[in-house]
Amino acid sequence: MNGHTPRAEHDPRPPHDASADDSPSRDLPPDAVTVVRGVDDDAATSPPRLTDPLRHPQHAGDGTRARRAWTLLLSTLVVPGSAQLVAGRRATGRAALKVDVVVWAAAALALVCLVLWRTPLIWFLTNSFTSLLLVAVLVALALGWAFLFFDTLRLIRPGLLVQRTRRAVAAATVALMLVTSGGLAYSAYLLSVTRGAVSDVFGGGLPFRPSDGRYNILLMGTDSGEDRSGRRPDSMTVLSVDADSGRTVTVSLPRNLQNAPFPEDSPLADVYPEGFNCGDECILNSLYTDVTNNHAELYPDAADPGAEAMKDAASGVLGIEVQAYAIVEMNGFEQLVDALGGITIDVGGRVPIGGGTDLTTGLPNEIFGYIEPGVQHLDGYHALWYARSREGATDYDRQARQRCVQAAMLEQLNPVNVLTRFEDLANSGTQVVETDIPQSQIGSFVDVALKAKEHELVQYAAGPPYYDPSFPTYPDFDLLHEDLDRVLEEATDRGARDAEALPGGTGVGSGIAMTAPLAAAKPLVRTQELTPNGTCSVP
């Protein structure tokens, strides 16, 4: 033949040794990943089919399947969506990972705000619209995470696992769903409870600024029982908080204080130009009823004209601007203390439960028992009687006990107590508390309250034991203003440093303190000591 006869091409591959087929594979563990070729595959062009255990667990052994199951489950816990991504469900995995990035970015931003600037964070959590949006987001995240765990369980293919591993994986999946999705759902529920409580208790409007660097809030305890004619505040305390440091002073106002003056811009200044001085019946706590019944038109925009009038009176009495009020209804006070888990007070003298005089019959009421001296943990019933008992006590003893109850409640309001009893506190608060503090003010108040926990709560009063018992009847308001100015000045960081620099000055730690009578420009009138009935402290 004239054509060229081709020579056999040299095959670079070594000769096939059939005996070698068995030798390496027999030494591999049964769950090893292997390469499989079909008998009809083109060896030069077709890639091997890998039995990847993440995507093809049916080709793996029991040990590999178990490790795969736990890996996918923990991946869903740590990085939701990663299990779907590596197991082949790329669209679901990528969508979940995008949500992860957004959530972690939001959490990082919230953490920065918590450390550097808490006010906008608190506003976001308590604002009606944003809190509702956050509730919806938490619910969606809870449902989404639950779906990813269910999908991960499907990808695990429990039917391929041995029975013991299958049960353990199923139990772990349920437990992790309860912790993650359940935790998010419970957080959404608590936020919803907060949203409802905030809307029910707080008012609308814009936040107010500090006055001379302080927030001044009038706290009133009212008792509108069946034996009372109208609503009268039985206890009145102004809570004055330094906006920068959180240093706080409480100033008790005697309910029998007379001749209360009003600021010039108060509508009552025209009605009572010489102060609330219409006789012995014009004591401070009767102003609430007087304005509610006779002068409500002077406060046309107020939800509670009587409370607005009390703010004006407290401002005139103390010489400071009282910007807001909060009313605690004593009939619901018992429930609030129980929701707090009770309060602990070191009782100085025996206090009767019951007693006093029946206003209808004029006969003495029965005494049902006593709150004994010593450190006592009081539930709502006993705390209420400790605050309101009149038997064998002066008004000043009663006010002193009320200050102890207030201080004990503030001491009990720690983060652990609030979190563990949050729902009960929120529900009881909506039934007990009324206030004109705007909802938009909560952020700044929470920020200041956290600072206040670092300092003493200083207590003062416009009456005994700081002044003579005649002071409420014949008050010297100029003297009171001078004394209170010095008390408030010391309740600042600069004032505290100046006080420490004085001979005998002491540093301020955390706790409850009662300021001593001051060396005023005009000498103070001789002070009246409290009886054992009114002595107490917060341990």
Asks: Starting at CD of Gln323, measure out to CG of Asp436 and round the result to the nearest 0.5 Å.
Replies: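 Interatomic distance, Gln323 CD to Asp436 CG, rounded to 0.5 Å: 10.5 Å.
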
Asks: Please tell me whether His481 and Asp478 have a donor and an acceptor in their side chains that are separated by less than 3.5 angstrom.
Replies: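 Asp478 and His481 do not have a side-chain donor-acceptor pair below 3.5 Å.
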
Asks: Is it the case that the side chain of Arg247 and the backbone of Ala452 share a donor-acceptor pair, with hydrogens and angles ignored and the cut-off at 3.5 Å?
Replies: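 Such a contact is absent between Arg247 side chain and Ala452 backbone.
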
Asks: Could you check Val458, Leu239, Asn216 and say which one makes a side-chain contact (heavy atoms from CB on, under 4.5 Å) with Val249?
Replies: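 Exactly one pass, corresponding to Val458.
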
Asks: If only side-chain N and O atoms count, and only distance matters, is there a donor-acceptor pair under 3.5 Å linking Thr492 with Asp242?
Replies: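 No - no donor-acceptor pair under 3.5 Å links their side chains.
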
Asks: Main chain of Pro233, side chain of Arg255: is a donor-acceptor contact present, judged purely on distance under 3.5 Å?
Replies: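 No, the answer is negative, given that no donor and acceptor are paired below the 3.5 Å cut-off.
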
Asks: For atom CG of Asp493, is the number of surrounding heavy atoms from other residues, nucleotides or ligands below 6.0 Å larger than 12?
Replies: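 Result for CG/Asp493: enclosed.
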
Asks: Sub-3.5 Å donor-acceptor pair from the side chain of Thr435 to the main-chain atoms of Tyr325, do we have one?
Replies: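 Yes; judged by distance alone, with no hydrogens or angles, the pair exists.
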
Asks: Got a donor-acceptor contact below 3.5 angstrom from the Ser181 side chain to the Leu178 backbone?
Replies: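 Such a contact is absent between Ser181 side chain and Leu178 backbone.
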
Asks: Which of parallel (below 30°), tilted (30 to 60°) and perpendicular (above 60°) describes Tyr460 and Tyr467?
Replies: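 The arrangement is perpendicular - the two ring planes meet at more than 60°.
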
Asks: May I ask you to check whether Tyr272 and Asp290 show a side-chain donor-acceptor distance below 3.5 Å?
Replies: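 Yes, because at least one side-chain N or O of Tyr272 sits under 3.5 Å from a partner of the opposite role on Asp290.
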
Asks: Determine whether a donor-acceptor pair (N or O, by modelled atom type, separation under 3.5 Å) exists between the side chain of His377 and the backbone of Gly341.
Replies: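 Present.
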
Asks: So which atom in Ala260 and which in Ala313 form the shortest heavy-atom distance, rounded to 0.1 Å?
Replies: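 Scanning both residues, the minimum pair turns out to be CB-CB, 4.4 Å.
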
Asks: Any donor-acceptor pair under 3.5 Å linking the side-chain atoms of Asn533 with those of Arg401?
Replies: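 Yes - a donor-acceptor pair under 3.5 Å links their side chains.
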
Asks: Salt bridge check: are Glu489 and Arg486 linked by an N-O gap of less than 4.0 Å?
Replies: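 Answer for the salt bridge query: no.
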
Asks: Compute whether any side-chain donor of one residue and acceptor of the other, for Tyr288 and Asp304, lie under 3.5 angstrom apart.
Replies: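 Tyr288 vs Asp304: donor-acceptor pair found between side chains.
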
Asks: Ignoring hydrogens and geometry, is there a side-chain-to-backbone donor-acceptor pair from Asp270 to Pro273 under 3.5 Å?
Replies: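 No; judged by distance alone, with no hydrogens or angles, the pair does not exist.
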
Asks: Should the heavy atoms of other residues, nucleotides or ligands under 6.0 Å from CD of Glu264 be counted, would the total exceed 12?
Replies: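 Counting neighbours around CD of Glu264, 12 or fewer heavy atoms of other residues, nucleotides or ligands fall under 6.0 Å, so no.
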
Asks: Indicate whether the side chain of Asp468 and that of Ser470 have a donor and an acceptor atom separated by less than 3.5 Å.
Replies: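 Yes, side-chain donor-acceptor contact under 3.5 Å.
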
Asks: Would the distance check show the side chain of Ser252 and the main-chain N or O of Ala461 forming a donor-acceptor pair, the cut-off being under 3.5 Å?
Replies: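 Side chain of Ser252 to backbone of Ala461: no pair is present.
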
Asks: Where the side chain of Ser192 meets the backbone of Ala188, is there a donor-acceptor pair that is under 3.5 Å apart?
Replies: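 Not confirmed, Ser192 side chain does not pair with Ala188 backbone.
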
Asks: State whether the number of non-hydrogen atoms from other residues, nucleotides or ligands found under 6.0 Å of Glu274 atom CD is greater than 12.
Replies: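 Atom CD in Glu274 is not crowded, with 12 or fewer foreign heavy atoms closer than 6.0 Å.
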
Asks: Check whether Thr248 reaches the backbone of Gly246 with its side chain - one donor and one acceptor, N or O, closer than 3.5 Å.
Replies: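 Judged by distance alone, yes, a pair lies under 3.5 Å.
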
Asks: Is a side-chain N or O of Lys451 found less than 3.5 angstrom from the main chain of Asp244, in a donor-acceptor match?
Replies: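 Side chain of Lys451 to backbone of Asp244: a pair is present.
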
Asks: State, to 0.1 Å, how close Cys404 and Val538 come at their nearest heavy-atom pair, and which atoms those are.
Replies: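 Heavy-atom minimum between the residues: O-CG2, 3.7 Å.
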
